[in-house]
Amino acid sequence: MPILAMEREVAGMKKWIRNGTIVTASDTYLADILIEGEKVVAIGSNLDTVGAEVVDATGCYLLPGGIDPHTHLDMPFGGTVTSDNFFTGTKAAAFGGTTSVIDFCLTNKGESLHSAISTWHEKARGKAVVDYGFHLMISDANDQVLEELQSVIASDGITSLKVFMAYKNVLMADDETLFKTLIRAKELGALVQVHAENGDVIDYLTKKALADGNTDPVYHAHTRPPEAEGEATGRAIALTALADAQLYVVHVSCADAVRRIAEAREKGWNIYGETCPQYLVLDITDLEKPDFEGAKYVWSPPLREKWNQEVLWNALKNGILQTVGSDHCPFNFSGQKELGREDFTKIPNGGPIIEDRMTLLFSEGVRKGKISLNQFVDITSTKVAKLFGMFPQKGTIAVGSDADIVLFDPMAQRTISVETHHMNVDYNPFEGKEVYGEVVSVLSRGSFVVRNKQFVGQAGTGRYINRSTFARP
């Protein structure tokens, strides 16, 4: 059993983490870490630790704080709002080893981009316990929006733009909007993200299902087939190539989409992909659970047939997909998911994932030999930091970097459960799953947020991240 307690308390801001194994995207080694203020100031042995507070990390990996590139906190959707706000959501993130999140800022047609950004800043202000940034949704690429993007990127440090190819008549943009956004992103150094599903096809299949009386949760998946994701992914990639721009495909769920990303990358195109733990662990049979339990697993893209999981794991291992985001978009089963009891289209799309993202990837990936330990760090932190303009401030353990450090016990065993999670939601989609690996303590910019599995953070200490423009990693 590792010695996890702090050996002695010393006043001041200097911390000495000793006896841990540092793991980065490229190296694994034994060394001590010296933190002063918010930064790592030394790594090695025989450090000048006079006056430093000692933290014993015996038996633990020392990981760069996880970066979740895909969250939806305090977000309106389907007549309701996600159940985690920026306090409860970032607190749960910290318990899961995540020290930075990038949340999606929604916009409305006719609204200025800066107005939407101000709304999201208000949502986060005084609440976040870890650092955060924003992606910006583009729903209409008119002259005003395209012009305003320059100041958004320069002054707000928002360097990633999200275009939805699904949710017709709600969030969906047309191909012209996507193409104009790609061209402008190329000019300004932004990374364009797409939710790649064919919204027109889904709209037709959904109307047909309801007309035929097929209203159960599993029809959410049947009306959003993998072919619709594959087609939209391929179309977005083709437009990106035409614009000579850069594209990041969010929440890739199936082999159809992976194949198109792989083909594009083989051609040297600037295409990147993200998947999520739910697609690596769960499958379409979860949507078939009786008594409306399947509604807990309704999100988009939907869960796929189980054989897709091996394709996704291989894509992570081989670098076809670069990151794993949570797509954390939680709605309570009681009172929220239940809105769709008689109509699957009224089930709010999304699930609570933020807290279990890193443990699931470690337990199912590293422990089972599907990815290496260093790939685990790269996928959950380093590559995200590089793609989204935060490296080397974030995403690694190095002298001069922010002291975002996770003490992670790789031998601990636990059972995922709603009874023990910290997300503000009344179920866990991974309920009862036995996993290896547990977060023991978490530092965000040199200060403990979680210490010996206890929350010691404070609302409002999370800082907004002003990100750099895109640079090919």
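No hydrogens, no waters, no symmetry mates; every other heavy atom, side chains included, goes into these values.
Under the 3.5 Å distance criterion, with hydrogens and angles disregarded, no donor-acceptor pair is assigned to the side chains of Ser372 and Asn374. Side-chain contact check for Ser334 and Asn332: no donor-acceptor pair (N or O, by modelled atom type) lies under 3.5 Å. When only modelled atom types and interatomic distance are considered, His328 and Thr71 share no side-chain donor-acceptor pair under 3.5 Å. Under the 3.5 Å distance criterion, with hydrogens and angles disregarded, a donor-acceptor pair is assigned to the side chains of Ser253 and Arg304.
Residues Lys317 and Gln375 form a side-chain contact, since some pair of their non-hydrogen atoms from C-beta on lies under 4.5 Å apart. Put simply, the side chain of Val192 reaches to within 4.5 Å of the side chain of Leu178, judged on heavy atoms. Annotation: side chain of Leu360 is in contact with side chain of Ile416 (closest heavy-atom distance under 4.5 Å). Side-chain contact between Val298 and Leu287: present, with at least one pair of heavy atoms (C-beta onward) separated by less than 4.5 Å. Two residues are said to be in side-chain contact when any heavy atoms from C-beta on lie closer than 4.5 Å; Val425 and Tyr427 meet this criterion. Here the side chains of Tyr272 and Arg265 are in contact, with some heavy-atom distance below 4.5 Å. Side-chain atoms of Leu30 and Thr21, non-hydrogen and from C-beta on, do get closer than 4.5 Å to each other. A heavy-atom distance below 4.5 Å is found between the side chains of Thr90 and Leu73.
Ile22 pairs in a side-chain contact (heavy atoms from CB on, under 4.5 Å) with only one of the listed residues (Ile405, Leu62, Thr28), which is Leu62. Each of Ile397, Val23, Val377, Val439 was evaluated against Val406; a single residue qualifies, Val439, per the side-chain contact (heavy atoms from CB on, under 4.5 Å) test.
The OG1 atom of Thr99 sits 10.5 Å away from atom CG of Asp68, with the distance rounded to the nearest 0.5 Å. One finds the NE2 atom of His70 at 5.0 Å from the NE2 atom of His251 (value rounded to the nearest 0.5 Å). For the atom pair CD1 (Ile117) and CG (Asp156), the distance works out to 4.5 Å, reported to the nearest 0.5 Å. Taken to the nearest 0.5 Å, the CG atom of Asp84 stands 13.0 Å off from the NZ atom of Lys127. In this structure, CG in Leu188 is found 10.0 Å from OG in Ser151, a value given to the nearest 0.5 Å.
With Thr107 contributing its side chain and Leu113 its backbone, the two residues share no donor-acceptor pair below 3.5 Å. With hydrogens and angles ignored, the 3.5 Å screen pairs no side-chain donor or acceptor of Gln322 with any backbone N or O of Asp378. In terms of modelled atom types and a separation under 3.5 Å, the side chain of Lys337 and the main chain of Gly350 share a donor-acceptor contact.
Residue pairs meeting the ring-ring contact (aromatic ring centres under 6.0 Å, His included) criterion with at least one member in residues 18-47: none, sequence neighbours excluded. Screening residues 100-123 for salt bridge (charged side-chain N to carboxylate O under 4.0 Å, His left out), with sequence neighbours left out, gives Asp74-Lys123, Glu122-Arg125. Each salt bridge (charged side-chain N to carboxylate O under 4.0 Å, His left out) pair with one or both residues in residues 414-433, not counting sequence neighbours, appears once here: Asp356-Arg414, Glu364-Lys433. Sorted by first and then second residue, the salt bridge (charged side-chain N to carboxylate O under 4.0 Å, His left out) pairs involving residues 438-448 (not counting sequence neighbours) are Glu38-Arg445, Asp131-Arg445, Glu438-Lys453.
Partners of His114 according to the ring-ring contact (aromatic ring centres under 6.0 Å, His included) rule, which considers only residues two or more places apart in sequence or in another chain, do not exist here. Under the ring-ring contact (aromatic ring centres under 6.0 Å, His included) criterion, His220 pairs with no residue, sequence neighbours left out. Tyr61 meets the ring-ring contact (aromatic ring centres under 6.0 Å, His included) test with no other residue; sequence neighbours excluded. Every residue was checked against the salt bridge (charged side-chain N to carboxylate O under 4.0 Å, His left out) condition with Asp327, not counting sequence neighbours, and none meets it. In this structure, the side-chain contact (heavy atoms from CB on, under 4.5 Å) partners of Val456, at least two apart in sequence or on a different chain, are Phe448, Arg451. With sequence neighbours left out, Tyr297 forms a ring-ring contact (aromatic ring centres under 6.0 Å, His included) with no residue at all. Among residues two or more places apart in sequence or in another chain, the side-chain contact (heavy atoms from CB on, under 4.5 Å) test is passed with Lys91 by Phe87, Phe95, Val129, Phe455.
More than 12 heavy atoms of other residues, nucleotides or ligands sit less than 6.0 Å from atom CD of Glu148.
The heavy-atom pair separating Val440 from Val450 by the smallest distance is O-CG1, 3.8 Å. The minimum heavy-atom distance linking Ile353 with Pro429 is given by the pair CD1-CG, 4.0 Å. Closest approach of Pro217 to Phe344, counting heavy atoms only: CA-CB, 4.1 Å. Nearest heavy-atom pair, Glu434 versus Thr415, reported as atom, atom and distance to 0.1 Å: OE2-OG1, 2.7 Å. When all heavy atoms of Asn466 and Gly157 are compared, the closest pair comes out as OD1-CA, 3.1 Å. Between Lys14 and Asp48, the closest heavy-atom pair is NZ-O, 3.5 Å.
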Under the side-chain contact (heavy atoms from CB on, under 4.5 Å) rule, what do Leu443 and Lys15 come out as? Steps first, then yes or no, please. CA-CA 11 Å; Leu443 295 98; Lys15 293 182 178 68; 3.6 Å; yes

Go through the steps to decide whether Tyr464 and His121 satisfy the test ring pair (Phe, Tyr, Trp, His ring centres under 6.0 Å), and finish with yes or no. CA-CA 9 Å; Tyr464 175 72; His121 275 300; 4.7 Å; yes

Walk me through whether Phe134 and Val152 qualify under side-chain contact (heavy atoms from CB on, under 4.5 Å). CA-CA 11 Å; Phe134 300 142; Val152 165; over 6 Å; no

Does the side-chain contact (heavy atoms from CB on, under 4.5 Å) test come out yes or no for Leu171 and His195, once each step is laid out? CA-CA 10 Å; Leu171 301 173; His195 175 134; over 6 Å; no

Tell me, with the steps shown, if Val435 and Phe362 meet side-chain contact (heavy atoms from CB on, under 4.5 Å). CA-CA 9 Å; Val435 291; Phe362 176 82; over 6 Å; no

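A salt bridge links Lys39 to Asp402: at least one charged side-chain nitrogen sits closer than 4.0 Å to a carboxylate oxygen.
In this structure, Arg357 forms no cation-pi arrangement with Phe430, as its terminal cationic atom is not both closer than 6.0 Å to the ring centre and no more than 45° off the ring axis.
Using cut-offs of 30° and 60° for the angle between ring planes, the Phe331 and Phe77 rings count as tilted. Using cut-offs of 30° and 60° for the angle between ring planes, the His72 and Phe104 rings count as parallel.
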Only pairs under 3.5 Å count here: list side-chain donor-acceptor contacts from residues 379-391, not counting sequence neighbours, and write none if there are none.
from, atom 1, to, atom 2, distance (Å)
Thr380, OG1, Phe376, O, 2.8
Ser381, OG, Gly65, O, 2.9
Thr382, OG1, Gly395, O, 2.7

